[in-house]
Participant: 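A single structure is presented below for examination.
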Amino acid sequence: MPELPEVETIKSQLNRRLKGGKIKKIEIFLPKIIRLEAKFFINKTVGAKIKKVWRRAKMIIIDLDNGYSLLIHLKLTGRLILCHRLREDYQKHTHLVFHFFDKSVLIFQDIRQFGYFDLYRTENLKGFFQEKKLGPEPLKKSFTLKKFTELLSKKPDKKIKPLLMEQNFIAGIGNIYAQEICWSAKISPLRLAKTLNKKEIQEIYRHLLMILKKAVKQGGTTAADEGYIDARGNKGKYGSQLKVYQREGEKCFRCKGIIERIVLTGRGTAYCPRCQK
DNA sequence: AGGGGTACCTGCGGGC
DNA sequence: TGCCCGCAGGTACCCC
C-alpha cells in the first residue's frame with residue numbers, strides 16, 4: 001500500500017503508542033513473512049522494550065532496548081494495526097501479533113503476503129541502508145533544489161515518472177504520488193530527465209514537496225478501490241485530492257482533456273497528454 | 001544503462 | 001452463476 005505519507009503516518013502512530021512498551025508475547029501465523037528463523041526472532045524480541053519507531057524510505061524501524069531493531073516493510077497490502085486489548089477474532093490475513101505487557105496489541109495483516117519483518121543490530125542499520133544505496137529523504141531539509149537537480153543530471157536517459165519511483169534516486173515515492181507529482185508539475189511522465197529545463201525541474205521539485213507534505217498532513221491516501229488504513233484503522237484523507245491516479249478515460253480537472261493510461265516499467269501510469277508536456 | 005519479463009500472493013471487477 | 005483475464009500501493013532478480 002504505502003508510500004512515504006502512509007508509512008510516515010503509521011510510524012508516528014506507532015511511535016506515540018508503543019514507545020516504552022515491553023513485548024510480552026508474539027504470535028506467528030505465517031512464518032515466511034519473518035526473514036529469519038522464528039526462534040531467533042522471538043528470542044530477540046520478547047521481553048524487549050521499544051525505544052522508538054522511525055522510518056527510512058518505505059520501511060518502518062522499531063528500535064529495541066537490547067541493541068536490535070525490527071525492520072518492517074508493508075509492500076503493497078501490509079497493515080499494522082494497534083488495538084487496546086486482545087481481540088479473539090483476528091480476521092483474515094492476520095499473520096503476526098505482538099502482545100504488550102500493558103495489554104495493547106499490534107496486529108500485522110497482509111492480503112498479498114509480500115510484506116516482511118526483519119531484525120538487525122541497531123548499529124548495523126546505517127550500513128545496511130548505505131549498501132542498499134537508498135536515495136535521500138525528500139522531506140529532509142538537505143533535499144534541496146540543487147541536490148534534486150544534481151541527482152537528475154546523473155540519470156539523463158531515464159523517464160521522469162519511473163525515476164521518481166526509484167528508491168535509490170529518492171526514497172519514499174511510489175506509483176500514486178509519482179503520477180500526481182507529474183500531473184501537478186504539468187510534466188509528461190515520459191519525459192527523459194535530460195530534456196527537463198531549469199524551470200521544469202523547479203516545478204517538479206516544488207510539487208513533489210507540496211504533495212508529499214500535504215499527504216502526510218492528511219494521513220496518506222486511500223483511493224477508491226484501495227484498502228489502506230493506518231494503525232488506528234482510519235483511511236487516508238488525501239484520496240479525495242488525487243488528480244490523475246486511476247482516472248483513465250475521465251476529464252482532466254485542469255484542461256478537460258481525456259486522461260490516458262500507459263504502462264511504464266511495468267506500472268500503470270495515468271496522465272493528461274493535453275496539458276502534461 | 002534502461003527497460004522488459006517474471007516472481008512473490010490474494011482479491012476484485014468486467015466481459016462473456 | 002461461473003470462469004478467465006487483467007489489474008492492484010512494492011521490489012528483487014534475470015535477461016537483452
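Scope of the values below: all heavy atoms of this structure, side chains included, with no hydrogens, waters or symmetry mates. The sequence lines fix the lettering, A, B, ..., with proteins before strands; numbering per chain opens at 1.
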Participant: Quick one: CD on Gln167(A) to CG on Leu134(A), what's the gap to the nearest 0.5 Å?
Facilitator: 7.0 Å

Participant: Taking atom NZ of Lys39(A) and atom CD1 of Ile28(A), what is their separation to the nearest 0.5 Å?
Facilitator: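 Lys39(A) atom NZ to Ile28(A) atom CD1 measures 12.5 Å (nearest 0.5 Å).
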
Participant: On the nucleotide dG3(B), are OP1 or OP2 found under 4.0 Å from the side-chain N or O atoms that Lys159(A) carries?
Facilitator: yes

Participant: If we take the P atom in both dC13(C) and dC9(B), what is their distance in whole Å?
Facilitator: 16 Å

Participant: Please report, rounded to the nearest Å, how far the P atom of dT11(C) is from the CZ atom of Arg56(A).
Facilitator: 12 Å

Participant: Can you measure Arg267(A) atom CZ to dT6(B) atom C1' for me and round it to whole angstrom units?
Facilitator: 14 Å

Participant: Would you say dT11(C) has OP1 or OP2 under 4.0 Å from some side-chain N or O of Arg35(A)?
Facilitator: no

Participant: Which nucleotide, dG4(B), dG9(C), dT10(B), lies nearest any side-chain atom of Gln113(A)?
Facilitator: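 Of the options given, the side chain of Gln113(A) lies nearest dT10(B).
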
Participant: For Gln167(A) and dT11(C), is the shortest distance between a side-chain N/O and OP1 or OP2 below 4.0 Å?
Facilitator: yes

Participant: If you only use heavy atoms from C-beta on, which nucleotide in dG2(B), dC7(C), dG9(C) is closest to the side chain of Arg261(A)?
Facilitator: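 Taking heavy atoms from C-beta onward, the closest nucleotide is dC7(C).
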
Participant: Counting only Watson-Crick pairs (N1-N3 plus N6-O4 or O6-N4) and G-U wobbles (N1-O2, O6-N3), all under 3.5 Å, who is the partner of dA12(C)?
Facilitator: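 Across any shown strand, dA12(C) pairs with dT6(B).
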
Participant: Closer than 4.0 Å, any side-chain N/O of Arg112(A) to the OP1 or OP2 of dG9(C)?
Facilitator: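 Answer no for this pair, as no side-chain N or O of Arg112(A) is under 4.0 Å from OP1 or OP2.
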
Participant: Please measure how far the C1' atom in dA1(B) lies from the corresponding atom in dG10(C), and state the result in whole Å.
Facilitator: 22 Å

Participant: Can you figure out which of dT10(B), dG9(C), dG2(B) approaches the side chain of Lys155(A) most closely?
Facilitator: dG2(B)

Participant: Contact between Ile259(A) and Tyr271(A) at the side-chain level, heavy atoms closer than 4.5 Å - yes or no?
Facilitator: no

Participant: Can you tell me, in whole Å, how much space there is between the C1' of dC8(B) and that of dC3(C)?
Facilitator: 24 Å

Participant: Nearest whole angstrom, please: distance from the C1' of dC8(B) to the NE2 of His95(A).
Facilitator: 13 Å

Participant: Separation of Leu30(A) atom CG from dC8(B) atom P, in whole Å?
Facilitator: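 Value for this atom pair: 15 Å.
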
Participant: Just say parallel, tilted or perpendicular for the rings of Phe128(A) and Tyr120(A), cut-offs at 30° and 60°.
Facilitator: tilted

Participant: Quick one: Lys75(A) NZ to dG9(C) P, roughly how many Å, whole number?
Facilitator: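 Checked: the NZ to P distance equals 14 Å.
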
Participant: From C-beta outward on Lys32(A), which listed nucleotide comes closest to its side chain: dG9(C), dC9(B), dG3(B)?
Facilitator: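 Selected nucleotide: dC9(B).
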
Participant: Of the candidate nucleotides dG11(B), dT11(C), dG3(B), which contains the atom at the shortest distance from the side chain of His73(A)?
Facilitator: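 When the side chain of His73(A) is considered, dT11(C) is the closest of dG11(B), dT11(C), dG3(B).
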
Participant: Using the six-membered ring for Trp and the full ring for Phe, Tyr or His, decide whether Phe114(A) stacks on the six-membered base ring of dC8(B) (centres under 5.5 Å, planes under 30°).
Facilitator: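 Yes, Phe114(A) stacks on the base of dC8(B).
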
Participant: Check every strand shown and say whether Lys132(A) touches a base, only sugar-phosphate, or nothing at a heavy-atom separation below 4.0 Å.
Facilitator: sugar-phosphate

Participant: Is it the case that Glu3(A) and Tyr228(A) place a side-chain donor and acceptor less than 3.5 Å from each other?
Facilitator: no

Participant: With heavy atoms under 4.0 Å as the rule, sort Tyr177(A) into base, sugar-phosphate or nothing.
Facilitator: nothing

Participant: Verify the contact: side-chain N or O of His93(A) to OP1 or OP2 of dG11(B), cut-off strictly under 4.0 Å; return yes or no.
Facilitator: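 Yes, His93(A) has a side-chain N/O under 4.0 Å of OP1/OP2 on dG11(B).
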
Participant: Would you call the rings of Phe117(A) and Phe41(A) parallel, tilted or perpendicular, where under 30° means parallel and over 60° means perpendicular?
Facilitator: perpendicular

Participant: Return the value, rounded to whole Å, for the distance between atom CD of Gln179(A) and atom C1' of dG9(C).
Facilitator: 10 Å

Participant: Taking atom P in both dT6(B) and dC5(C), what distance in whole Å separates the two?
Facilitator: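 That atom pair is separated by 15 Å.
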
Participant: Counting the atoms with a prime plus P, OP1 and OP2 as sugar-phosphate, which does Gly266(A) contact under 4.0 Å by heavy atoms, base, sugar-phosphate, or nothing?
Facilitator: nothing

Participant: Round to the nearest Å and state the distance from Ile170(A) atom CD1 to dG10(C) atom P.
Facilitator: 15 Å

Participant: Angle class for the Phe100(A)/Phe98(A) ring planes (parallel below 30°, perpendicular above 60°, tilted otherwise)?
Facilitator: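 Ring orientation, 0 to 90° scale: parallel.
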
Participant: Can you measure Met165(A) atom CE to dT11(C) atom C1' for me and round it to whole angstrom units?
Facilitator: 10 Å

